[in-house]
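Structure first, commentary second.
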Amino acid sequence: EERYALDSYLATFSYIYDEKYMVTANYRADGSSRYAPGHRWGHFGSVGAAWTFTNESFMEPASEWLKDGKLRLSWGVLGNQINSLYAYTNLYSIVNVNGEIGYVEGSKGNPDITWERTNTTDLGLEFSVGKYLDVELDYFYKLTDNMLFARVTAPSLGYSSLPVNDAKMENQGVEFTFDVHAVDTRNVKLDIRLNGAHYKNKMLQMPVDYYNADGTAVRQQMNGAMSVGHSMYDHYTYVYGGVDENTGDALYQAYYDSRYGGLGADKGNNEYNYIASLHQWILDQEEAGVENPEQYLRDSLTADMSEATLQYVGKSYLPDLSGGIGFDLDVYGVTLSVACSYQIGGYGYDYTYMTLMANDPVGGHNWHKDMRNAWTENNRQTDIPRLSNGNGDYDMYANQTSTRFLTSNSFFSLNSVQVGYNFPKKLIEKIKLNRLHIYVSADNLAIATARKGYNPMTSFTGSSDTHAYSPLSTVMGGIKVSF
């Protein structure tokens, strides 16, 4: 049985003066068994201040229409634990080697690993305009300067990665909430609500790659799809180039170095002229002292994935805007509440669609109806590769991970609808009731997306999976009674 312990202590302070000025402070200390002795305790805290400016005497001329105005500012440090229970030590597996007990190192530990710390600054403004509009606006900035990271190591060391606190990342964004009290009469009330958010993310520093003889650190510039200056949510993939009209093979963009001839040219020493990772190639060229290496880049289309180029494609998982919208209506006791959510921008990977577009032999796999437009000798103008029996040289690349399956994460969802009726008090008082409300509600009713069946709400990135399902649609009714 695997167990871990977390020991926490918390202290808070809050002071309000003259119903105008507020100061708060928090401190907490957390000790976790997930770290080695000497690194188990993390110390975090925050300070904040708020000013209710509408309570100032100079705001009295505006008191009829401007109410509950407050300006907020806070700064704090948050802690994050590593997922692994034993990242601080080496882990081994016991194996049978010719009848003898053997030990195989499973993962390399780092006794210096400790809490990840994130510095957060938040600036907020809230106010009401008369009795018709409530507004809340927020801006936040988060800087993680000792990010938990699995640093890639040389295979000759016997392990592939090492957990470290050695990367820097920033997150920032704006959030807003509007509540409109459009109608407020004795028999009719209508409230409309709208909220939204926009976020950005960027890697500022990657972990140390190695140390020079003089002890100076040389940092990684790229690790997988993450690199300095880019978001960890940027898509780094192959660019789909359509279908070869003559063969029906899928085509992908391939970059090569014009100094060594054309695509695939022999450079000697068993090296050939193609660029596997575009951003990494540019970084390597700059490190080698080559000025403006982009001037030597040329591109072409290839059916051979060994020549295709991974690259940033200018698309991100993160949306431009996301949030919710809804309203509550009450007309002579009849109530209607509607809640919707929306997202504008961002791209997810439709793995389910990709699976359904595999060119396996007939009966070997389920297909999407788009397969009806696959390449044939009589249908050459298409972007869907030919069906095959898998014997072609490039058939295996027909549904390769690429921009072909990047799908817009924009959506509009009807999350819930509730219709009800509040019986008049004069009627229910006769049977000794204070309130009688009947209702029917429905959840997860509909969603509009870029592709039928694709639901970006099922994951943070919006990407689909054959093991992830959309929320079930439910309908229910009820009666609320109070005496």
Side-chain angles (χ1 to χ4, degrees), residues 1-15 22-50 72-91 107-124 138-152 161-175 197-208 217 219-220 223-224 226 228 230-233 317-318 459-461:
E1 180 182 0
E2 292 185 326
R3 295 185 300 174
Y4 76 96
L6 180 67
D7 196 7
S8 300
Y9 299 90
L10 175 67
T12 63
F13 169 82
S14 179
Y15 179 73
M22 180 175 69
V23 177
T24 61
N26 296 280
Y27 167 78
R28 66 177 295 158
D30 296 288
S32 174
S33 64
R34 299 188 181 196
Y35 303 112
H39 298 280
R40 288 180 169 170
W41 284 94
H43 301 273
F44 315 104
S46 65
V47 292
R72 298 178 280 100
L73 177 64
S74 64
W75 174 87
V77 180
L78 303 175
N80 182 39
Q81 288 190 83
I82 195 168
N83 290 329
S84 172
L85 299 182
Y86 309 106
Y88 62 89
T89 187
N90 298 341
L91 296 180
S107 62
K108 184 68 174 178
N110 180 3
D112 295 324
I113 198 78
T114 189
W115 288 85
E116 181 180 275
R117 296 163 60 90
T118 299
N119 297 274
T120 302
T121 302
D122 184 275
L123 176 64
D138 279 277
Y139 166 79
F140 73 86
Y141 179 84
K142 296 182 178 181
L143 176 64
T144 303
D145 57 7
N146 68 334
M147 182 177 171
L148 291 167
F149 204 96
R151 187 177 74 197
V152 176
S161 64
L162 181 71
V164 295
N165 294 98
D166 191 18
K168 186 181 294 186
M169 179 178 67
E170 70 172 13
N171 291 278
Q172 58 182 315
V174 292
E175 300 172 339
H198 169 73
Y199 305 114
K200 294 195 298 183
N201 166 272
K202 184 166 67 174
M203 292 296 300
L204 301 179
Q205 181 177 283
M206 299 293 285
V208 171
R219 292 190 172 275
Q220 296 177 0
N223 187 320
M226 288 189 290
V228 174
H230 284 270
S231 168
M232 65 183 297
Y233 300 108
Y317 287 110
L318 295 179
S459 67
F460 174 76
T461 61

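Any value given below was found using the heavy atoms of this structure, including those in side chains, with hydrogens, waters and symmetry copies removed.
- When atom types are taken as modelled, the side chain of T114 and the backbone of H39 share a donor-acceptor pair closer than 3.5 angstrom.
- Across every non-hydrogen atom of G109 and L162, the tightest pair is O-CD1, 3.6 Å.
- Checking side-chain atoms of S33 against main-chain N and O of A5 turns up a donor-acceptor pair under 3.5 Å.
- Heavy-atom minimum distance, P207 versus F149: CG-CD2, 3.3 Å.
- For A150, the side-chain contact (heavy atoms from CB on, under 4.5 Å) test picks out S161, with sequence neighbours left out.
- Applying the side-chain hydrogen bond (donor to acceptor under 3.5 Å, both in side chains) criterion to S231, with sequence neighbours excluded, gives N201.
- In this structure, N90 has no side-chain hydrogen bond (donor to acceptor under 3.5 Å, both in side chains) partners at least two apart in sequence or on a different chain.
- Here the shortest heavy-atom pairing between T144 and E116 reads CG2-CG, 3.6 Å.
- In plain terms, the two heavy atoms of L78 and F44 that are nearest each other are C-CD2, 3.9 Å.
- Partner D166 forms a side chain to side chain contact (heavy atoms under 4.5 Å, CB included) with one of R219, Q220, M147 and no other, that one being R219.
- Aromatic pair F140/Y199: centroids less than 6.0 angstrom apart.
- In terms of the side-chain contact (heavy atoms from CB on, under 4.5 Å) criterion, residue partners of S32 (sequence neighbours excluded) are, by chain and number, L6, R34, Y35, Q81, W115.
- Side-chain atoms of D7 do not come within 3.5 Å of backbone N or O of G31 as any donor-acceptor pair.
- Screening residues 72-81 for salt bridge (charged side-chain N to carboxylate O under 4.0 Å, His left out), with sequence neighbours left out, gives R72-D122, R72-E126, R72-E136, R72-D138.
- Partners of R28 according to the salt bridge (charged side-chain N to carboxylate O under 4.0 Å, His left out) rule, which considers only residues two or more places apart in sequence or in another chain, are D30.
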